[in-house]
Amino acid sequence: MARVYFDSVATSITREDLREFFTRAGEVRGVLLVTDKISGESRGFGCVEMASDADALNAMDSLKGSSIKGGPIRIEQPKPGKRAK
C-alpha cells in the first residue's frame, strides 16, 4: 500500500469527503485526517492509504491542482525516510 499526503483542506472536510475525492484516482484503503486533541476539529491535513503504488501515483498526478468541495487541497508524496507515527 502507498500513502499520499494532503494538506490545506478546509476544517469542514470529513474523512468521507476525502475518501470520495481520492477514489477518483484509485482504490482507497484508509483515510487519516488529523484532528485537534481538545476540540476534535480537523487540522486540515493527513494522509490517504491507497491500495497500490500505481493508485498513489495516479492520485498525485491526476488530483494535483484540484479542489475539494470548492476549496484547495495540496497533495504530496511522502518524503524519503519519513514514517507515519
* Structure fact -> Taking every heavy atom of V4 against every heavy atom of M50, the minimum-distance pair comes out as CG2-CG, 3.9 Å
* Grab the two heavy atoms, one from S52 and one from A2, that are nearest each other, plus how far apart they are. => O-CB, 3.8 Å
* Asked: What residues form a side-chain contact (heavy atoms from CB on, under 4.5 Å) with A10, not counting sequence neighbours?
  -> S12, I13
* To do: Please name the pair of heavy atoms, one in R19 and one in G30, separated by the smallest distance, quoted to 0.1 Å.
  => NH2-CA, 3.8 Å
* Atom CZ in R43, atom CG in L33: separation rounded to 0.5 Å? -> 11.0 Å
* Work out which heavy atom in F45 is nearest to a heavy atom in V9; give both atom names and the distance. => N-CG2, 4.4 Å
* To do: Can you establish whether the number of heavy atoms outside R24 located under 6.0 Å from its atom CZ is more than 12?
  => yes
* Audit row: M60, L57, side-chain contact (heavy atoms from CB on, under 4.5 Å) steps and yes/no -> CA-CA 5 Å; M60 286 183 280; L57 288 172; 3.9 Å; yes
* Step by step, would you call E49 with V28 a side-chain contact (heavy atoms from CB on, under 4.5 Å)? -> CA-CA 6 Å; E49 198 71 56; V28 174; over 6 Å; no
* Structure fact -> Of all heavy-atom pairs linking I75 and F21, the shortest is CD1-CE2, 4.0 Å
Anything under 3.5 Å between a donor and an acceptor, one on a side chain of residues 61-74, the other on a protein residue two or more places apart or in another chain? List them.
{"from": "S62", "atom 1": "OG", "to": "N58", "atom 2": "O", "distance (Å)": "2.7"}
{"from": "S66", "atom 1": "OG", "to": "L63", "atom 2": "O", "distance (Å)": "2.8"}
{"from": "K69", "atom 1": "NZ", "to": "D17", "atom 2": "OD1", "distance (Å)": "3.4"}
{"from": "R74", "atom 1": "NE", "to": "D7", "atom 2": "OD1", "distance (Å)": "2.8"}
{"from": "R74", "atom 1": "NE", "to": "D7", "atom 2": "OD2", "distance (Å)": "3.4"}
{"from": "R74", "atom 1": "NE", "to": "E76", "atom 2": "OE2", "distance (Å)": "3.4"}
{"from": "R74", "atom 1": "NH2", "to": "D7", "atom 2": "OD1", "distance (Å)": "3.3"}
{"from": "R74", "atom 1": "NH2", "to": "D7", "atom 2": "OD2", "distance (Å)": "2.5"}

* Roughly how far, to the nearest 0.5 Å, is the CD atom of E20 from the OG1 atom of T23? -> 7.5 Å
* Asked: Which heavy atom in A59 sits nearest to a heavy atom in A25, and how many Å separate them?
  -> CA-CB, 3.4 Å
